[in-house]
Structure formats: C-alpha cells, structure tokens
There are 2 protein chains.
Amino acid sequence: MPERQSSRKDAIRNRKAVLAAADALFTRRESPEDVTMADVAAAAGVGKGTLFRAFGDRAGLLRALYESRLEPVGQAIETGPPPLGPATPPRERVPALLDAVLCFKLDNRRLALALEEDGSGSPYRAEHYERWHGLLRAVLEQIPGLTDSGFTAHALLAATRADLVEHLVREEHLARESMRQQLAHFVTKVLASGPPPQGPADEE
Amino acid sequence: MPERQSSRKDAIRNRKAVLAAADALFTRRESPEDVTMADVAAAAGVGKGTLFRAFGDRAGLLRALYESRLEPVGQAIETGPPPLGPATPPRERVPALLDAVLCFKLDNRRLALALEEDGSGSPYRAEHYERWHGLLRAVLEQIPGLTDSGFTAHALLAATRADLVEHLVREEHLARESMRQQLAHFVTKVLASGPPPQGPADEE
DNA sequence: GTCGAAACGGACCCTGGGTCCGGATTCTTT
DNA sequence: AAAGAATCCGGACCCAGGGTCCGTTTCGAC
C-alpha cells in the first residue's frame, strides 16, 4: 500500500537507485537470502527508512524488481508475434508460453528464487503467478478435449518452479537447451492425449 | 550431526515429548511459521537447549517428524501389496505412487509446508525428496518408450508440492477426491503418449 | 525568500533461531 | 550404597535481520 509514487525528484532518483542496487546485488550474490535489506540500502547509498517507505517491505522490493524484468516478456505475450503472441493456435502457444517462463526463470534465477521462497504468503497468491496461471488456463481451455485446465495449468507451471530450475542447473548440471527440450517434450505429452472427440481416450 | 541417540531415559522421554508436542502444534496452528521453537519447547515442558541438542536445528526437528509420519507409507511402497508395492507393473505403479504422495501431503499439509519452505536449502536437497525422486525415476525407466525419466519424475512430483496442494485446498476449495482424480488424469496423460513402439510419436 | 509538506536516514526495537554453562540426573564401578 | 564421571537439563543470553520512529533536510509552490 505505500506504493503510490511521489513526484519529488529525490524520491524518484532514490527509487531508481534502490532498484538498480538491488538488481546488481541479487545477480551478484550466490544465494538470495544473504542479500539483506541493509545491504541494499547501503549499496544504493540510501537509508533503510527510504527503502522501506518506497517499497513497503522486502517482498515489495522483490516484486517491483520482478515486474520490471518481466515487462518485456509480458509485452511479447500480449501483443507480440507468434509463437508467443495471441494469434498463435493454442497447441503451439502453450509450449511457447512454458518455454518463455522457463527461460525467464533461467535468466533470473536468483530473483525468482528469492521471490518464491520469501515466506510471506505462498507464491500462489502473488499476482504475477495468477497472471501466468490465468493466461495458461485460458489457452488450455481452447484445446478441444482437454479437461481440468485449471489443475493442468498449475501442474505445468510447477515444472518451472524456481527452486527446481535452480536444482537442475546447480546439482544436476543440466544445460539450458536440454532443460528446454525436456520441458517441451513433457508439455507435448500432456497436450498430446487430449483425445480429439473420438480418439482412444483414457478412462478410470 | 547431533542425531546419535542417547540411552539415558530422560533424554529419550524428552525426545518423545518434543516430537509429540511439535506434532500437535503443527497440526493445530494455522500457519507453520508461527509455531516457533520456543513454543515447541514450552509445549513439551522442556528447555530450548534440550530441543536443539536433540534435533540440531529447526530443520532437523521437521525432518524427524516428517520421517516418522512417512514410515508407514515407506513400508507400503517397499514391501507392500499392489498397487503400491514393488510387484506392480510400472504403468500402474506410477499413478499409485503419486497418489500416495498427494494423499500424504494432504494429510500432513502443515508439516510438509513447513519442511518445504524453511529456507535452509531447497527442498530438492532433502533426502526424502531424493528417495521419492529416485524411486519414481526408476519406475519410470521401466516404461518402454518413455524418455527423460529424471526430468519427468521431477515434473510429476512438482505437481504435488505442498504449497500448491495447500493453495488448491484453501483458495480454490478443491476437494480431496477431485484433486486425486485430476492428478491421476494428469499422470495418465504423461504416461499415455509413451508411444508403443510404432505409435504416432512426436519429434523435434 | 519563506513556509508547509513530504522524504531522508540511521538509531532503535523486536522476534525468533541458535548457543552457553552452572546445576541436576543418570549410569558405572566397586 | 555411595561416589564419581559422563551426560543431560533449561533458561538466560547472543545475534542477525526485518521493520519502525522521529528529528532533520530537501523540495516545490507561492
């Protein structure tokens, strides 16, 4: 709620400084949890009070950073060309979307990690997650014969969770392209068996 | 590492008391992060020192609790009858395993949540996760035509993450049986398109 | 230039995980 | 059974880090 932006130039300058400093720190430091709010303030040449007034709390800062990084991707999805843009047929767009999410998480590992694991509320209540999920579900719903769009969207997104990605990169040394391919393959499988009206469906 | 158990009866008694108290607190309290170590100690009628000596740290306590709850399931899987036991054919066993995981998380929401979100290391380094993943991958590998067993195992398990389950229960009011069915359906889809030798496979 | 409003910043508070050590218990030995 | 050694108990204590407070400074409007 302390998000309304002031018009005073010092406020604006400081906000930018903090954002930049935080960005730098999060990409530099190994683990997101050893970049402290005091660190950010110091790196930005600003007092803690300023930092908290501008962003409310730690989560607020993380969100602001995340949103700013996310913007280009958002653009590409809302008004961009295929395979991400809205003109793409659903069966192609779903893998493209998940690939975009995966790449985004790969490019912003530390940040995504910090955002998902700062305890304040599960990641599922974050508005950016709701956006991804809503969009994905909507696209899934356009695929004939596919049910449980809501759950499926959750399950697919779960495969791109930041800590999983981090684990695959750091512990299993999985290369970027391998990961993308395997995720694509996985998504394909999930979409494949949506039985066209009279296909050899499943049952239980 | 301070896990070796002593033979002194007061130590044993206290260990049990702590376990019981923690168990009670975690199922009682709404969110796992407002059950503090001091709370547990108090509820068990024990000093904090005792608690930390017995379990090392918060994660240790959580793990101990988790393992104890997990034991019966582990038994059912290692030496039980189908559909969970080792005699089950892979295509049936995989859904059964994931259903078991889901049910376990449903029955131990708070605890699983606490364990997954206590920042100390990603959930993927926990030995119990490694167990699930290793087993699942092994079973997946026995399914002919299915590739990427490692990744697939991760992706399937991701669909049962504690915070996702919690979200589905609390925010989306999804009933237990619905969730089980949807997960089963999802798993089926993933397994289905492992093309029997000459099926209409995918490519890239 | 003057004045009120808004922002600044760092000292301060508080929670909660984790440690320490003097005193109480328990096991062993004779 | 009694002494001695080893172990455990427990709560006072420490510390990091998120978040707040308020006297001081800066801004911009008049």
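Order of the sequence lines fixes the chain letters, A, B, ..., with proteins taken first and strands second; residue numbering starts at 1 for each chain. All values below were derived from every heavy atom in this structure, side-chain atoms included, with hydrogens, water molecules and symmetry-related copies excluded. Because the structure is a prediction, the values reported are computed rather than measured.
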Round to a whole Å and report the spacing from [atom1] of [X] to [atom2] of [N].
X	N	atom1	atom2	value
A:Ile12	D:dC27	CD1	P	12 Å
A:Asp34	D:dC15	CG	P	20 Å
B:Arg15	D:dT7	CZ	P	18 Å
A:Arg29	D:dG17	CZ	C1'	13 Å
A:Lys16	C:dC8	NZ	P	14 Å
A:Leu51	C:dA7	CG	C1'	14 Å

query: How does each nucleotide of nucleotides 18-26 of chain D score, in 5' to 3' order, for protein heavy atoms under 4.0 Å: base (B), sugar-phosphate only (S), or none (-)?
result: BBBB----B
Counting heavy atoms not belonging to [X], are there more than 12 under 6.0 Å from its [atom1]?
X	atom1	value
A:Arg176	CZ	yes
A:Glu127	CD	yes
A:Arg29	CZ	yes

- prompt: Within the pair B:Thr50 and D:dC8, is there a side-chain N or O less than 4.0 Å away from OP1 or OP2?
  reply: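 For B:Thr50, the contact criterion (side-chain N or O under 4.0 Å from OP1 or OP2 of D:dC8) is not met.
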message: When you measure from the side-chain N and O atoms of A:Asn14 to the phosphate of C:dC8, is any distance below 4.0 Å, counting only OP1 and OP2?
response: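 Checking C:dC8 against A:Asn14, a side-chain N or O does come within under 4.0 Å of OP1 or OP2.
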- prompt: Checking side-chain contact (heavy atoms from CB on, under 4.5 Å) against A:Phe55, which of A:Leu19, A:Leu65, A:Leu62 comes through?
  reply: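 In the set A:Leu19, A:Leu65, A:Leu62, the residue that makes a side-chain contact (heavy atoms from CB on, under 4.5 Å) with A:Phe55 is A:Leu19.
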query: Do A:His167 and A:Glu172 get their side chains close enough for a donor-acceptor pair, meaning under 3.5 Å?
result: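 Checked: A:His167/A:Glu172 side chains pair up, N/O donor to acceptor below 3.5 Å.
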- prompt: Which comes earlier along DNA chain C counting from the 5' end, the contact point of A:Val46 or that of B:Lys9, where each point is its nearest nucleotide?
  reply: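 Final value for this comparison: A:Val46.
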- prompt: Are A:Glu117 and A:Arg161 within salt-bridge range, i.e. N to O under 4.0 Å?
  reply: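 Judged by the 4.0 Å cut-off on N to carboxylate O distance, A:Glu117 and A:Arg161 do not form a salt bridge.
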